[in-house]
Amino acid sequence: MRKHNRPRRRGLIGLLLLAIVILGGVWLYQRDPLALPYEARGMRPLTTKSWQQSSMTKDYPNLSRHPNMWILVSTKRQRVYLIDGHKTIYEMYCSTGAKNQATPTGTFHIQGEKGQSFFNPSSGEGANFWVSFKNHGEYLFHSVPINDQGQYIVAEAQDLGKVARSHGCVRLSIPDAQWFFQNIPYNTKVVIR
């Protein structure tokens, strides 16, 4: 009898170890979303065309199911996290402010100012799908930059998710910026660190 129980016991031990690894991964992901590889998180790989796609392979969240959602921006990781409680429900590649024009850190709230497009002649850049989070139109979430003809500046856009390159705003891919513009509610909390 004892010889026949060994394979079953080994199978149970194997299942127990697998469960521990999976639960540990889930716990680690909730603690640190970047602890898992980007594929495991549902992120698209960073390529030269990432700025033309949504950051994740899954659908954007239905915010009516997440009334307590808030936004975390990591300037170190160049990521925007949509968080419900302590759980990340969506992750976006971004580019925050370059060293000489850093994105302000702290706690802010989405403001009422937003628009389809803008162009700033002094910087020679603009963007589409902008939403203000500080100083009523000065600091924004928006698409990767456009030139004075309304064309995307590819050399800048290709740094999305890799390099802090903006003038202080938070740049997003075109689809992410459009979804953000259309769906993020007024007064949503934004934490930038």
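Below, each value reflects all heavy atoms present in this structure, side chains not excepted, and no hydrogens, waters or symmetry copies.
Residue pairs meeting the salt bridge (charged side-chain N to carboxylate O under 4.0 Å, His left out) criterion with at least one partner in residues 111-128, sequence neighbours excluded, are E125-R171.
Rounded to the nearest 0.5 Å, atoms CZ (F129) and CG (L172) are 11.5 Å apart. Expressed to the nearest 0.5 Å, how far CD of Q52 lies from OG1 of T47 amounts to 8.0 Å. Between the CD atom in E156 and the CG atom in N147 there is a gap of 11.0 Å [rounded to 0.5 Å]. The structure places OG of S132 at 13.0 Å from NE2 of H109, a figure rounded to the nearest 0.5 Å.
Hydrophobic clustering, with ILVMFWY side chains joined whenever heavy atoms are under 4.5 angstrom apart, keeps V131 apart from F118. F181 and W130 are members of different hydrophobic clusters when ILVMFWY side chains are connected at heavy-atom separations under 4.5 Å. M56 and Y60 fall within a single hydrophobic cluster, where Ile, Leu, Val, Met, Phe, Trp and Tyr are joined by side-chain heavy atoms under 4.5 Å apart, directly or via other members.
The number of heavy-atom neighbours closer than 6.0 Å to CG of N62, taken from other residues, nucleotides and ligands shown, is above 12.
Shown here for L46 and K162, the closest heavy-atom pair between the two residues is CD1-CG, 4.0 Å. Between W179 and M92, the closest heavy-atom pair is CE3-CE, 3.8 Å.
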Run the side-chain contact (heavy atoms from CB on, under 4.5 Å) test on Y139 and T103 for me, step by step, so that the C-alpha distance in whole Å, both residues' side-chain angles and the decisive distance to 0.1 Å come before the verdict. CA-CA 8 Å; Y139 291 99; T103 300; 5.6 Å; no

Output, in order, the C-alpha distance, side-chain angles, deciding distance and verdict of side-chain contact (heavy atoms from CB on, under 4.5 Å) for I71 and L82. CA-CA 5 Å; I71 300 163; L82 305 183; 3.8 Å; yes

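Using modelled atom types, no side-chain atom of S143 and backbone atom of I174 make a donor-acceptor pair closer than 3.5 Å. Y90 places no side-chain N or O within 3.5 Å of a backbone atom of I83 that could act as its donor or acceptor partner.
Scanning for ring-ring contact (aromatic ring centres under 6.0 Å, His included) contacts around F133 gives F108, F141, with sequence neighbours left out.
Two residues are said to be in side-chain contact when any heavy atoms from C-beta on lie closer than 4.5 Å; W70 and N68 fail this criterion.
Neither side chain, D159 nor S95, offers a donor N or O lying under 3.5 Å from an acceptor on the other. There is a side-chain donor-acceptor pair under 3.5 Å between Q78 and T96. For R193 and T75, the side-chain atoms include no donor-acceptor pair closer than 3.5 Å. Between S54 and D176, the side chains place no donor N or O within less than 3.5 Å of an acceptor N or O (distance only, hydrogens not considered).
Relative orientation of the W51 and Y152 rings is tilted, given thresholds of 30° and 60° on the angle between their planes.
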